[in-house]
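Heads up: the structure comes next, in structure tokens.
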Amino acid sequence: MLDCSLTADVPLGPFDGTPVTVHSAKGKNAKLHATPSCTQLRTQNVARAEVPLNSVTIGRLCLRCAQWGSWARPDSGLGIFLRALGGSGLLFQLHSYTALDPDDGWEQEELKAAADLLRTEPKAECDDEEDGADEQEARDEAEWLRDRVFAHWRGAATSLHQARSIAMMFPWLEDWVKPKLAVKEQYLEGLRAQAALFVDPAGLLLAAAVADMSEPELPLDDGVFSVLGKSADIAKHVKALWGEWQRRASDGWGRPGDRSYVAYSLVHHIRSNRKGYHQAVTGAESLVASWEDAARTAVSSAAPVPTRCVIARLPEVGNDTSQSRETGFLENLDRWTTGVLVTYLADADWSRRTFTLQVPDLIADRLLARSYPIECELHDGGDDPIAEGEASDRASYVQPGVFDDTPVFGRLPVTADHFRVLGTVSPNADQLYIVFSTSNGAEVLPLAAIEKRMASGWHGVVIAGASDLPSSVIEPWAGEIGRRPEERESIWPEQVHDVHDPRFGDWLGLADGARTTAWLTFRDQDIERNLRCLAMARGVHDLRTLDSGSRRRGVPHDVWQGLLTSRRLDVEPFEPPTSDRWRGGSGIPLGVLAGVQIYTTNADPRLEGKGHSPLCRHSRERGVVEDDDLLTAGDLLARDDFDWCSKCGGYAARRLTDTQLSYYRAAHRLHDIAQRLDRKRAGYGRADLETIISQLSELADWRPIGEDHWYSWGARQWRQIVRRLRAQAEAGRHDTP
């Protein structure tokens, strides 16, 4: 195992002396550990201390904790720096791909012999079957060796790119890391030269010429192809043959013999014993040979030596393509582009994925005509673009006061470079952050939204991420929620229809939202993270501001389930009374429910398409996005022209607060009493009336939970309805025998 642990010689820059918490056994010279659960800490009496992070402390660190230990919160400034160094970060990359493993390597003579063998055409026929098998085995081994060399070159390039990129994030590492990077660059250049042995420059030129060829005049009426059918059928299959040949001949640097079988694609749908089959194959081979000759003619008329300087840039790897970080950013290059890169590379800046290529005209033309998989431009011969980039690119670097727990008063403005470092080192960083700016005050925003604002000139500081929320609040909350039920179906609470049951409406409230988020979370270790995100998002006024433009970088689906309810609001109690025997409201004021937010994909009946809930499968269960429509519960009463989805109800309501939920329950109780007192809808007996009068007495003095301004929310109208119903009940009691 490589020794990639943090050592005392690594410069700590502005983080030198930062207090860190360590754990150790008793004793002055005991090893220090990041956590008391470290497997190397074999004692029951664990001492805990806070020490400055410096060369002395690092010298006493447990080797395992020095490489993998978490000495600070992952998304703090120190956490980002140490995470960039440890694990598979900078220190690991500096030890990787510096020399070929003697037990897994190859000799230069072996490579040359394999490359020479692969450049020759295989023998068409072999008198001795054993000799033929030996030749095929030798070719298979040569191809296997070629693939290993290219794979090793790509791995070394990816490692160098990662090491240089991380080193650039922290400028105080520059002098320390420079000689180590030089070793990796020298090794990578040796691998490139070895890979170039397997590339045929003439084959690259031929492929470039083929890619530039226009479709020639095709012999669509040639009788040799009559087996293909009518003229239209001949035209279709011959055009397809041309396309197949051009695609294969322009991909890579293979020999013409590698493409000889392309002729058979013309008759792949015809039986070989059919009359005219072999004539069609002969005609196809003749066509392919003529196209090969035309391509060679184009190559012979062009300058074969490198004459033009091209700057090539590989695209950035976005946060949504984390797989590229694992497989290597060169894996997406096609075979021809890879061959050009290893053959004509003159200079490279691996941290910025920028390359200088000296190439012949034909290859330059093809590179400049494409935008994928690399972006190319012609260099005019001025200043060296690689050196120019190194001189001008001085990014803002992560330091204390940007992300960590320094006092808010001393926080430093966050920049796009800071978030770029955070996204590189911590791909699973917090989804939401509390930020402060003079333009918008304190806000809760997703990382992508902050980056978008910064591109428009936003200037602010990070107050806290979701992981900064105090555990003293989050942990008791998680304890109240409890463990997930064994059967997943019991996650969804039973819908209670009795409005007088204390559990009525639970599925609309905040408590049910927290349970849903926690119990839907697949991995137990992610439950607390999602609850932190939910707690932070609950304070957002408009959930559309949480749209990050990316499902991976945005609010998790389980958190959206905690913010919104998939159940529809029953607003019948608040509708005006009607003469309808089966349905009619009681005219109860909406009160504290008037401002309950309603989110839908489409609230305008003039626009095509039904309105769907952001949690509906028709909207891909993506949560709320910027383009969704925002309504209120009052809009549901004021309009009747909505075109809602019959599956999801058309919208998702924001979870009701305790105040709102208590009012929702009380309103339904009052509405139920009004229905029971309506002789058109139901009958009642004296026992029922006694219960109703008791319930009305309770509702007469009722007020929403936590509501100090109940009078302003329609209390007067509420009491009028209660008095009217009580008078009706009293009259009914006298009329009932």
Side-chain angles (χ1 to χ4, degrees), residues 1-16 18 20 34 53-55 57-59 61-99 154-188 316-317 319 322 324-329 348-353 390 393-400 402-404 417-429:
M1 177 180 177
L2 294 174
D3 182 10
C4 308
S5 302
L6 180 64
T7 53
D9 64 311
V10 178
L12 300 177
F15 297 106
D16 193 355
T18 301
V20 294
L53 185 65
N54 52 32
S55 58
T57 300
I58 293 174
L61 295 182
C62 154
L63 290 180
R64 185 178 183 278
C65 293
Q67 181 175 0
W68 299 100
S70 177
W71 300 92
R73 290 183 301 101
D75 296 341
S76 67
L78 178 60
I80 291 172
F81 175 58
L82 294 180
R83 192 166 183 173
L85 292 178
S88 59
L90 178 62
L91 298 178
F92 177 82
Q93 301 304 334
L94 291 178
H95 285 80
S96 304
Y97 293 102
T98 56
R154 283 190 292 264
T158 300
S159 177
L160 178 59
H161 161 69
Q162 292 176 344
R164 286 187 62 92
S165 298
I166 295 173
M168 284 182 59
M169 299 174 188
F170 311 103
W172 58 87
L173 295 175
E174 184 176 354
D175 292 338
W176 175 80
V177 82
K178 188 177 293 184
K180 299 174 176 58
L181 291 176
V183 173
K184 292 179 67 67
E185 289 171 351
Q186 183 178 2
Y187 177 62
L188 178 61
E316 290 286 340
V317 177
N319 289 333
S322 58
S324 298
R325 196 187 315 277
E326 300 173 2
T327 60
F329 63 95
D349 182 348
W350 291 101
S351 61
R352 300 175 185 84
R353 298 175 177 154
E390 291 177 349
D393 188 3
R394 286 297 176 184
S396 301
Y397 59 90
V398 174
Q399 56 186 302
V402 177
F403 290 110
D404 60 356
D417 292 318
H418 293 144
F419 280 125
R420 189 175 297 114
V421 173
L422 177 64
T424 301
V425 177
S426 302
N428 297 319

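Side-chain atoms are counted along with the backbone in the values below, which use heavy atoms only and exclude waters and symmetry mates.
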Enter the distance from [X]:[atom1] to [Y]:[atom2] here, rounded to the nearest 0.5 Å.
X      : Y      : atom1 : atom2 : result
His161 : Ile166 : NE2   : CD1   : 9.0 Å
Lys180 : Leu91  : NZ    : CG    : 9.5 Å
Ser159 : Trp350 : OG    : CH2   : 11.5 Å
Leu85  : Ser5   : CG    : OG    : 11.5 Å
Leu160 : Tyr97  : CG    : OH    : 12.0 Å
Leu82  : Leu90  : CG    : CG    : 12.0 Å

For the residue pair [X] and [Y], establish whether any side-chain heavy-atom pair is separated by less than 4.5 Å.
X      : Y      : value
Val402 : Ile80  : no
Thr424 : Val421 : no
Leu94  : Val183 : no
Arg164 : Leu181 : yes

So which heavy atom on [X] is nearest to which on [Y], and how close?
X      : Y      : value
Gly77  : Phe403 : N-CB, 3.8 Å
Phe92  : Gly87  : CB-O, 3.4 Å
Leu188 : Ala157 : CD1-N, 3.6 Å
Ala8   : Ser55  : CB-O, 3.7 Å
Gln93  : Lys184 : O-NZ, 2.8 Å
Pro11  : Leu173 : O-CD2, 3.5 Å

### Task
Check the angle between the aromatic planes of Phe81 and Phe170 and answer parallel, tilted or perpendicular using the 30° and 60° thresholds.
perpendicular

### Task
Not counting sequence neighbours, which residues clear ring pair (Phe, Tyr, Trp, His ring centres under 6.0 Å) with Trp71? List them please.
none

### Task
Could I get the full list of side-chain contact (heavy atoms from CB on, under 4.5 Å) partners for Asp16, not counting sequence neighbours?
Leu12, Asn54

